[in-house]
Amino acid sequence: QVQLMESGGGLVQAGGSLRLSCAASESIFSIYVMGWYRQAPGKQRELVATITNGGSTNYGDSVKGRFTISRDIAAKKVYLQMQSLQSEDTGVYYCYAKRSPLLSDSWGQGTQVTVSS
């Protein structure tokens with residue numbers, strides 16, 4: 001499995017911005033898909049954004065137009081730029097990777113994002 005480590009979480013006021021980073025333990029060039037999920041207290045984990053090895057992106061409906069996922073292959077990192085943050089964006093954000101459709105998922109430990117209104 002890919003080892004993943006998130007950073008960049010914190011406390012921010014509503015309307016503010018944060019950038020999350022996910023560092024991988026190996027090259028991300030050929031990893032099938034990477035992305036971000038989040039989990040709010042008392043809720044199920046939900047999709048935030050994904051990016052494929054071809055560069056295609058997908059976003060959860062609640063973050064479209066506000067969040068942007070990107071990657072730096074040389075740095076072995078995936079980023080999540082979050083803008084216009086709302087209290088509903090509060091939660092633990094997890095980095096995710098899947099080497100191929102046939103292999104199991106890899107998850108980071110998570111980073112807390114708290115948006116105060």
Under a single-linkage definition using a 4.5 Å side-chain heavy-atom cutoff for Ile, Leu, Val, Met, Phe, Trp and Tyr, are [X] and [Y] assigned to the same hydrophobic cluster?
| X | Y | answer |
| --- | --- | --- |
| L47 | V78 | no |
| Y96 | L4 | no |
| V48 | M5 | no |
| Y94 | I51 | no |
| V33 | Y37 | yes |

Looking only at heavy atoms, which two atoms of [X] and [Y] are closest? And how far apart?
| X | Y | value |
| --- | --- | --- |
| S87 | S117 | CB-CB, 4.4 Å |
| K98 | D105 | NZ-OD1, 2.8 Å |
| Q1 | S104 | NE2-OG, 3.3 Å |
| G55 | R71 | N-NH2, 3.6 Å |

[X] side chain near [Y] side chain, heavy-atom distance below 4.5 Å:
| X | Y | value |
| --- | --- | --- |
| V2 | M34 | no |
| T90 | V115 | yes |
| E6 | L20 | no |
| D89 | F67 | yes |
| R66 | Y59 | no |

What is the distance from atom [atom1] of [X] to atom [atom2] of [Y], rounded to the nearest 0.5 Å?
| X | Y | atom1 | atom2 | result |
| --- | --- | --- | --- | --- |
| T68 | M82 | OG1 | CE | 11.0 Å |
| I73 | S30 | CD1 | OG | 9.5 Å |
| L11 | T114 | CG | OG1 | 6.0 Å |
| S7 | Q109 | OG | CD | 13.5 Å |

Exercise for the section: State whether the side chain of Q39 and the backbone N or O of G91 hold a donor-acceptor pair below 3.5 Å, judged by distance alone. Expected result: no

Exercise for the section: Scan for disulfide bond (SG atoms under 2.5 Å apart) pairs involving residues 45-94, sequence neighbours excluded, and state none if there are none. Expected result: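 Output for this query is empty, none listed.
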
Exercise for the section: Write out all pairs satisfying salt bridge (Lys or Arg N to Asp or Glu O under 4.0 Å) with one or both partners inside residues 41-55, taking only residues at least two apart or from two chains. Expected result: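 For residues 41-55, and leaving out neighbouring residues, the salt bridge (Lys or Arg N to Asp or Glu O under 4.0 Å) pairs sorted by first residue read R38-E46.
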
Practice task
Tell me yes or no: between the side chains of Q81 and S70, is some donor less than 3.5 Å from an acceptor?
Solution key: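 There is no such pair (donor and acceptor under 3.5 Å, judged by atom type) between the side chains of Q81 and S70.
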
Exercise for the section: For the pair C95 and W36, evaluate side chain to side chain contact (heavy atoms under 4.5 Å, CB included) and give the outcome as yes or no after the intermediate values. Expected result: CA-CA 5 Å; C95 185; W36 295 90; 4.2 Å; yes

Handout entry: salt bridge (charged side-chain N to carboxylate O under 4.0 Å, His left out) partners for D72, two or more places apart
Key =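 Applying salt bridge (charged side-chain N to carboxylate O under 4.0 Å, His left out) to D72 gives none.
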
